[in-house]
There are 2 protein chains.
Amino acid sequence: MSTIKDVAERAGVALGTASRVLSGSAQTSPESRARVLAAAAELNYVRNGTARALRRSRTDVLGLLVSDIRNPFFSELAHAAEREAMRRGYTVLLANANEDAAQADEYLRIFATQRIDGLLLSPQGPVSPQLESLVASRLPVVLLNRSLDGLDAPLFATDNAQGVALVLDWLQVRGHTEVAFIGGPTAFSTAAERKAAYLAGRESHGISVDDRLIDEGDFLADGAEAAMLRVLDRGKRPTAVFGVNEPTTLGAVRGLRRRLSVVEAARVEVISFDDVDWFEFATPPISAVRIGAAEIGRLGVAGLLDLIEGRPVSSRRVATSLVDRALS
Amino acid sequence: MSTIKDVAERAGVALGTASRVLSGSAQTSPESRARVLAAAAELNYVRNGTARALRRSRTDVLGLLVSDIRNPFFSELAHAAEREAMRRGYTVLLANANEDAAQADEYLRIFATQRIDGLLLSPQGPVSPQLESLVASRLPVVLLNRSLDGLDAPLFATDNAQGVALVLDWLQVRGHTEVAFIGGPTAFSTAAERKAAYLAGRESHGISVDDRLIDEGDFLADGAEAAMLRVLDRGKRPTAVFGVNEPTTLGAVRGLRRRLSVVEAARVEVISFDDVDWFEFATPPISAVRIGAAEIGRLGVAGLLDLIEGRPVSSRRVATSLVDRALS
DNA sequence: GACGCTCATGGAATCGTTTCCATGGAAACG
DNA sequence: CGTTTCCATGGAAACGATTCCATGAGCGTC
């Protein structure tokens, strides 16, 4: 593989000149410019990113650590973040914590040795020592989706209160009073915020305040199914169910089907925080709050670049919209 | 941020010795070993990966280029590949072509400057110049899922013929003779193989050979919906539909619902190549061939590392299994 | 007791860039 | 015409690791 030295020799200029042409870092005469570019093309020159990063002590790489890449919310977010970063000349190193704090730490270590220029973090749990040392080394960090106690970084997240308000309005319009709420682990700020907003608003929307209708799982299908079963086993027969993210909704529907007859289950309306394609095929179709995962990804990258380049950054909440699939 | 030189000074040894301890590349005395490790811990030393990569001219990074990270098949594959790579001491740089050849090329360029040690490729289209130059530079490459004319690289893919055989058997057992086949672009080897296997086997499985039942889309929901509508508009009333990947199946179901009454549509059985969770909630539930996306990812990484380390590698097909959700 | 061998270590070269500094020539200005 | 200014360029240092080479200590053997 040819180096910049080869290019310079072939072009008949000094090595420094070739570098200046190829990186565009300083003015060069049209003459040497042309010769260097020609030589580079002939030799099929590809810049060595590792050498460049070493010398400049920056890599133009951003680290993105997500909870679970197989969750559509995160894969869409990652996709959007990647595109935005690329548009701005950065590469994204994507890491998948798989909802596991130990694995998250492992990736943070890799990020550190790879010398990323900034970190987009969707946290798994509390601040780890590994994360602390990254922050201590003055690495720019932004948080996605979930906030994190003890870490003062800009947050780009869903407007949970606004989204829950949409759900409450929908429930009220459709005349539901017996509504089951299947939440997530309140250790996560997302779950906590959604639950708080729901509890605060239910009474004013004519919804029963019976807490036997409230339960929570683990943000995954199995835990949510168990929670749904607990609600039903308390003798409650809700006319609607609110699932607090997509896997939770999936689990809740499984729970309904398991305890109730097909006819009974088909009479329960379901609404979800976080929308996916297949909701239209459920019986009855499931309505949902659509989260702007892509926009969170884009805003996160933009915010991180601002941080890197020393501009002021403030947290942003992204508004949601309602996808109403109710039949009548 | 501290360097290996700082560590060496603090430990009172030469820079070379510190390197030998920290990289474990040569024997060192227990004494200096202990002192270096202690110094490294005290200084919070993190190896500079860019310097290391420059000197060793290898990065321990693998490039993974997928068609669409939002497709569950690829996100599961990517996840598994990443885990396997990490287990073997490599990092994965994930790139998302977004079903776009130009973007794929852009990422191949980035891979080249980042000096990846090997490439896992799920191709978008024909061999591009960019890809050609990577191959010419002797970069180890393995193909995932789709083969590629003109590129001689090991392929790790689904056993399409075996999967289609499962579908044919299922259709026969359930007594279907009028079966609509919604395929994909035959420029992709996956689509071509599945179609060929279906056409070859249908007659012996008692399925009508009327080609008005056959159509194809673009592997995405919208194209498949259009294809489904064309079949119906030719006056065919299939009792079963075979969708050749997940988005295709989704589109086909949409097509059915659009042309037929709810009752009629609910009478059509659907079977899909590639399984996802929500199929259990469709009416009637959708059966599917389950592809071992995770295994393809793992095998791909293992094969690529074999290639990198000079061991012989041969292509592998991964067997599928049937998830039968038929009600009766 | 001399010789040879092993083995840990110090010191220096090296990887491929970017960037600093000095230089020389051309242009600009009085 | 002489002096200053500007600008493109050549050459070399620097980034932070790995690795080669030479050296010297320690040890076993004849």
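Values in this document were obtained by computation on a predicted structure and should not be read as measured data. The sequence lines fix the lettering, A, B, ..., with proteins before strands; numbering per chain opens at 1.
Every salt bridge (charged side-chain N to carboxylate O under 4.0 Å, His left out) that B:D60 has, sequence neighbours left out, goes to B:R56, B:R58.
Near-neighbour residues of DNA chain D inside residues 28-43 of chain B, defined by a heavy atom below 4.0 Å, are absent. Listed by residue number, the members of residues 9-26 of chain B with any heavy atom below 4.0 angstrom from DNA chain D are B:L15, B:G16, B:S19, B:R20, B:S23. The stretch residues 48-61 of chain B touches DNA chain C through B:L54, B:R55, each having a heavy atom under 4.0 angstrom from the strand.
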Pair pattern of DNA chain C in dot-bracket, where unpaired bases get dots and | marks partners in another strand, Watson-Crick or G-U under 3.5 angstrom: ||||||||||||||||||||||||||||||

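The structure places OG1 of B:T91 at 4.0 Å from CD1 of A:I110, a figure rounded to the nearest 0.5 Å. The distance from atom OH of A:Y107 to atom CG of A:L65, rounded to the nearest 0.5 Å, is 9.0 Å.
For the pair A:K5 NZ and D:dA12 P, the interatomic distance rounds to 12 Å; values are reported in whole Å. Distance B:D6 CG to D:dG16 P: 9 Å, rounded to the nearest Å. The CZ atom of A:R47 sits 12 Å away from the C1' atom of C:dG16 (whole-angstrom rounding). In this entry the distance linking CD1 of A:I4 with C1' of D:dA12 reads 15 Å, nearest Å.
Residue A:S67 comes nearest to A:F74 through the heavy atom pair OG-CZ, 3.5 Å, listed as atom of the first residue, atom of the second, then distance. When all heavy atoms of A:V61 and A:L93 are compared, the closest pair comes out as CG1-CB, 3.9 Å.
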Test side chain to side chain donor-acceptor pair (under 3.5 Å) applied to A:S122 and A:N145, step by step: CA-CA 6 Å; A:S122 167; A:N145 202 35; 4.9 Å; no

Intermediate values then yes/no, side chain to side chain contact (heavy atoms under 4.5 Å, CB included), A:V92 and A:M86: CA-CA 8 Å; A:V92 171; A:M86 185 156 169; over 6 Å; no

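When the side-chain nitrogen and oxygen atoms of B:Q27 are compared with OP1 and OP2 of C:dC7, none of them lie within a distance under 4.0 Å.
Under a cut-off of 6.0 angstrom, the local environment of CZ in A:R311 is crowded, with over 12 non-hydrogen atoms contributed by other residues, nucleotides or ligands.
Both the sub-6.0 Å distance and the 45° axial angle are not jointly satisfied by A:R316 relative to the ring of A:F156.
The shortest distance between side-chain heavy atoms of A:V318 and A:I291 does not fall below 4.5 Å.
Ionic pairing of A:R298 and A:E295 is not present here: no N-O contact between side-chain nitrogen and carboxylate oxygen is shorter than 4.0 angstrom. For A:D159 and A:R317, the salt-bridge test fails: no basic side-chain N is under 4.0 Å from an acidic carboxylate O.
Sequence neighbours left out, the pairs with a member in residues 5-28 of chain A that pass salt bridge (charged side-chain N to carboxylate O under 4.0 Å, His left out) are A:R10-A:E42.
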